[in-house]
**Q** 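Would you mind keeping the following structure in view while I ask a few things?
Values in this document were obtained by computation on a predicted structure and should not be read as measured data.
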Amino acid sequence: MAQHQPTEIDALVPPSAPPSYSAVAAPPPPHAHAHAHQVEAGTKHPSRHGPSFLPRLLLFLLLFLLAFLALTLTLTLLLALIHPALATYLPPHRSSTGTPLLLALLAALLALSALLTFDAPALLTRLVLWFCLASTLLDLLLLASVNSLRHREAWLGATALLLLLATIGTALGSSVYVDHVHAQAALARRAMTEEEAERRAMLIATEGGHWGKRLRTALKVALEFLISFASAGALLMITLNLVVAGADSTLDLPYPESQLVAVQPPPSRWPYNVHIACAGQRNNTVHPSSSGSFDSGDAFAASWPASAVPVRQPPVMLYESMSGIPGTLGGEWLIRLAQEGVGRACIWDRPGYGFSDSSPSSDVPHVTEALHSALERMDERGPFMLVGAGYGGLISRYFATLYPEQTHSLLYIEAQHPSLFYEPPPPSALGDFWAYALSPLGWSRLGDLFRGQRPQNTRWWRTVGPHADALQKSRLDERLQAHRRDSASSLALNSTYPDYPFTTPQLVLTSRERMDSTPNWQRVQRDIWSGAVGRGKVAWRIVKGAGHDLCKGLRGEGECRRAVEELLLL
């Protein structure tokens, strides 16, 4: 090739750029194609190259593991509602399990949403997750510092909170790290040459579906934000509910005679407290002549020294409340009767009701054993006049069957009977489940708080009211037991037929309005009345002008008091 002769144009060419006058572009260096391929591949699949791949993989696997654990805990708590035996294998707890269930569900939802949008982090979602993290830390602090919350939620509540805390922390860490990787990739793209940028654009265009992918990513990000926002709202309500419950626990028990007694009936693997209150004079004794066991003119009895004369213990009135009403509220009339000097009375809150802790099971045998254990711890030996209202009539019936020697008489007040215990699941069963599942949000308490109302005859913001957390769980347990023929309650109540103390005196009170409005209620009350024979048949009275809560109101309470006084004289 002829040597180039310089011209006047050469003066315009920078010295650093050697002139090239060939009409054909020079071939690229041998490594140029490989470099361009690496740039394209790195732009297309940034997650498969570089040091960021391993941390992202570990974060993804950790989120997957947390989602699996949260779903497992959620399903276990749900199955424990149907099979209470599973509750004994859970970490120790004395709560309704509603709060751990909701926390586990939130952890599962947050973990799954973070997995769904793992490669599309959003700033707004991170801000909401920071709020969720702060709420969860506050809940954990409340659980650790408030004695009543620590006692009731125990290890199950702590497990659910720690699981949620780990899920939120991992989701936040993943979002921050992936966003950092995306920022580095964006810087790399801005550093591309024009040729590399054009080649990348052509590559994206040939793949197709670019806008469809962006739309799907936007929808996933929106869904994750909605889930995280709803979780933040739920955590806020849970936190407020825990604060109110903790403040409620500082109030005194309802009666001067109230006590919290620790019991541990099977199948429970840990003790829990039940609230029981006994009013009236203890250990009243009467001369045997007044009991009818001896004749006052009997020379043999008269010759006994006063200290050796056998005495008769008057019965202790033992109240068992209807479903959904704690004994603390339903048995007030009986406590007033004892305080007036008419015998001695004991009322209690079933596990999960009123001031009592929740138990792993609410079936009839477990509740009856809990009652008997509490009475023994209180040194109340009986004999007992069993006063059973509504569902409490089933507990009284089973108690009398197990302990006939401690049963003086039975008073059934609008009571249920085993013949009507099993029922097919009604539509209201689903409503009971949602009332239990949403009770940790404190919707009833918070509504009263914002309205400035305090319901009558209840503790501060319905701690013992019909919408309390633990009571909703116990009502649901009782309803589910009644919908299964093979449940522990059904089997126990069916077993009472051959061993029931048929000759024990019993008196039945029934509401006329309930008999007229509820199908088969008259048959149920007749079944109760036919369960007594001989001297066991005292009276069956149908009370007009009183509802299902028969002892509430002047007329109804008067009938209940008259029935109690009649049985005391037997």
Side-chain angles (χ1 to χ4, degrees), residues 66 69-108 136-137 139-167 238 241-242 245-246 248-249 259-276 348-363 365-374 377 436-437 439-440 463 468-474 476-477 480 488:
L66 291 171
L69 293 176
L71 285 173
T72 301
L73 181 58
T74 302
L75 292 176
T76 303
L77 291 173
L78 289 175
L79 289 175
L81 297 175
I82 304 174
H83 300 286
L86 289 177
T88 60
Y89 298 100
L90 293 170
H93 62 281
R94 301 171 187 85
S95 67
S96 67
T97 70
T99 299
L101 173 62
L102 197 53
L103 293 174
L105 179 61
L106 292 178
T136 307
L137 287 173
D139 292 343
L140 195 60
L141 180 63
L142 287 171
L143 192 65
S145 59
V146 180
N147 291 333
S148 62
L149 297 180
R150 186 170 63 251
H151 168 77
R152 293 203 174 191
E153 298 296 339
W155 288 106
L156 180 61
T159 300
L161 273 174
L162 291 175
L163 182 60
L164 179 60
L165 189 65
T167 301
I238 290 174
N241 188 52
L242 290 177
D248 246 1
S249 65
Q259 294 189 42
L260 294 177
V261 182
V263 297
Q264 190 179 351
S268 178
R269 295 188 295 111
W270 52 84
Y272 60 89
N273 293 333
V274 294
H275 168 243
I276 185 168
W348 82 307
D349 293 326
R350 287 197 293 273
Y353 279 63
F355 299 94
S356 296
D357 296 336
S358 291
S359 65
S361 175
S362 296
D363 59 60
H366 181 86
V367 171
T368 304
E369 288 298 330
L371 173 59
H372 191 259
S373 298
R377 295 291 299 272
Y436 152 71
S439 60
T463 298
D469 309 356
L471 190 145
Q472 294 290 347
K473 166 67 162 46
S474 297
L476 180 63
D477 285 346
L480 293 176

**Q** Any side-chain heavy-atom pair from Ser95 and Tyr272 closer than 4.5 angstrom?
**A** no

**Q** Hey, is the main chain of Ala154 close enough, under 3.5 Å, to the side chain of Arg94 for a donor-acceptor pair?
**A** no

**Q** To the nearest 0.5 Å, what is the distance between CD1 on Ile238 and CG on Leu103?
**A** 4.5 Å

**Q** I need the Leu101 CG to Leu78 CG distance, nearest 0.5 Å.
**A** 5.0 Å

**Q** Does the Arg152 side chain pair with the main chain of Ser96, one donor and one acceptor, at a distance under 3.5 Å?
**A** no

**Q** Is a side-chain donor or acceptor of His93 paired with a backbone partner of Pro91 at a separation under 3.5 angstrom?
**A** yes

**Q** Identify the two heavy atoms, one from Pro440 and one from Leu102, that lie closest to each other, and give their separation to 0.1 Å.
**A** CB-CD2, 4.3 Å

**Q** A side-chain contact here means heavy atoms from C-beta on lying under 4.5 Å apart; do Ser439 and Lys473 qualify?
**A** no

**Q** Provide the closest heavy-atom pair for Gly246 versus Ser148 in the form atom of the first, atom of the second, distance.
**A** CA-OG, 4.4 Å

**Q** Between His151 and Asn273, is there a side-chain heavy-atom distance shorter than 4.5 Å?
**A** yes

**Q** Can you tell if the side chain of Leu106 reaches within under 4.5 Å of the side chain of Leu164, non-hydrogen atoms only?
**A** yes

**Q** Please check: side-chain N/O of Ser474 versus main-chain N/O of Pro351, any donor-acceptor pairing under 3.5 Å?
**A** yes

**Q** Which atom names give the shortest non-hydrogen contact between Pro266 and His366, and what distance separates them?
**A** O-ND1, 2.9 Å

**Q** First locate atom CG of Leu105, then atom CG of Leu75, and finally report the distance between them rounded to the nearest 0.5 Å.
**A** 10.0 Å

**Q** Please give me the minimum heavy-atom distance between Ser362 and Asp477, naming the atom from each residue.
**A** OG-OD2, 3.3 Å

**Q** I'd like to check Val261 versus Trp348 (side-chain heavy atoms, cut-off strictly below 4.5 Å). Are they in contact?
**A** no

**Q** Check whether any side-chain heavy atom of Leu242 lies under 4.5 Å from a side-chain heavy atom of Leu143, and answer yes or no.
**A** no

**Q** Short question: side chain of Ser356, backbone of Asp349 - any donor-acceptor pair under 3.5 Å?
**A** yes

**Q** Please check if the number of heavy atoms outside Arg269 that lie under 6.0 Å from its CZ is greater than 12.
**A** yes

**Q** Enter the distance from Thr136:OG1 to Leu165:CG here, rounded to the nearest 0.5 Å.
**A** 6.0 Å

**Q** At what distance, to the nearest 0.5 angstrom, does CG of Leu140 lie from CD of Glu153?
**A** 12.0 Å

**Q** Could you give me the CA-CA distance, side-chain angles and deciding distance for Arg350 and Leu371, then say whether side-chain contact (heavy atoms from CB on, under 4.5 Å) is met?
**A** CA-CA 8 Å; Arg350 287 197 293 273; Leu371 173 59; over 6 Å; no

**Q** So which atom in Trp270 and which in Ala87 form the shortest heavy-atom distance, rounded to 0.1 Å?
**A** CH2-O, 3.6 Å

**Q** Kindly compute the distance separating OG1 (Thr76) from CG (Leu71), expressed to the nearest 0.5 Å.
**A** 10.5 Å

**Q** Any heavy-atom pair between the side chains of Pro100 and Leu77 that's under 4.5 Å?
**A** yes

**Q** Return the set of residues passing side chain to side chain donor-acceptor pair (under 3.5 Å) with Thr99 (not counting sequence neighbours), or none when no residue passes.
**A** none

**Q** Between Ser145 and Leu141 (side chain of the first, backbone of the second, donor and acceptor by atom type, cut-off under 3.5 Å), is there such a pair?
**A** yes

**Q** Work out which heavy atom in Val274 is nearest to a heavy atom in Ala374; give both atom names and the distance.
**A** CG2-CB, 3.8 Å

